[in-house]
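Keep in mind it's a predicted model, so treat the numbers as computed, not measured.
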Amino acid sequence: MATATSTQGPKESEPRFKRLKISGAVIALFAALWLLWNWNSIIGQARVAAAYGAHVTCSCRYIQGRDMASCATDKEKGMEIVRLSDDPENKRVYASVPFLAEAVAERRGAFGCMQLNAAEIEAL
């Protein structure tokens, strides 16, 4: 009695793998196009988030006199990516969205906390 052997197994898995690669490439292409299309909006939102975080935290820290841990609770929902640090000696708060934006706010006497412009940040 003869037994039949089949070689269909490997041939069936190759088209699946090929379809998976093509699907992955199409998804990556659409993700890249979406990112390219929305890049200005993403950068703009990152700048606003960094500036808002720096200003609110500066006011919390140097006007209200709270510590950084307490000021971190003032972040709005969706601002978890904004990183904050302070410079108590110069009464400054640094905020950044990694790889996208940064902002600095400084306490300036009776004027309160002021945002530093790009030239002032470069001079630091």
Has the side chain of [X] got a donor or acceptor atom that lies under 3.5 Å from a matching backbone atom of [Y]?
{"X": "Ser41", "Y": "Asn38", "result": "no"}
{"X": "Glu120", "Y": "Asn117", "result": "yes"}
{"X": "Arg107", "Y": "Gly109", "result": "yes"}
{"X": "Arg83", "Y": "Glu80", "result": "yes"}
{"X": "Arg92", "Y": "Ala105", "result": "no"}

For this session: Scan for disulfide (SG to SG under 2.5 Å) pairs involving residues 65-107, sequence neighbours excluded, and state none if there are none.
Result: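 Sorted pair list: Cys60-Cys71.
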Problem set entry | Summary of disulfide (SG to SG under 2.5 Å) pairs that have at least one residue in residues 87-124, sequence neighbours excluded |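 Of all non-adjacent pairs touching residues 87-124, those that pass disulfide (SG to SG under 2.5 Å) are Cys58-Cys113.
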Taking the side chain as C-beta and beyond, is there a heavy-atom pair between [X] and [Y] under 4.5 Å?
{"X": "Asp87", "Y": "Glu106", "answer": "no"}
{"X": "Tyr94", "Y": "Leu124", "answer": "yes"}
{"X": "Lys21", "Y": "Val26", "answer": "no"}
{"X": "Thr57", "Y": "Asp74", "answer": "no"}
{"X": "Ser85", "Y": "Val93", "answer": "no"}
{"X": "Arg61", "Y": "Arg66", "answer": "no"}

Problem set entry | Spacing of Trp34 atom CH2 and Leu29 atom CG [to the nearest 0.5 Å] |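 Going from the CH2 atom of Trp34 to the CG atom of Leu29 covers 14.5 Å.
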For this session: For Leu84 and Ala95, work out which heavy atoms get closest and say how close.
Result: CD2-CB, 3.5 Å
Tell me whether [Y] is reachable from [X] by hopping between hydrophobic residues (I, L, V, M, F, W, Y) whose side-chain heavy atoms are closer than 4.5 Å.
{"X": "Ile43", "Y": "Leu35", "answer": "yes"}
{"X": "Phe17", "Y": "Ile27", "answer": "no"}
{"X": "Val97", "Y": "Met68", "answer": "yes"}
{"X": "Val56", "Y": "Val82", "answer": "yes"}
{"X": "Leu100", "Y": "Met79", "answer": "yes"}

Problem set entry | Pairing of Lys91 and Asp86 as salt bridge, 4.0 angstrom limit |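 Not counted as a salt bridge, because no side-chain N and carboxylate O are separated by less than 4.0 Å.
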Problem set entry | Exceeds 12 heavy-atom contacts within 6.0 angstrom, atom CD of Gln115 |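 Buried by this count: over 12 neighbours within 6.0 Å.
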Exercise. Passes side-chain contact (heavy atoms from CB on, under 4.5 Å), Arg108 versus Leu116? Steps please.
Worked result: CA-CA 11 Å; Arg108 291 192 177 166; Leu116 274 61; 4.0 Å; yes
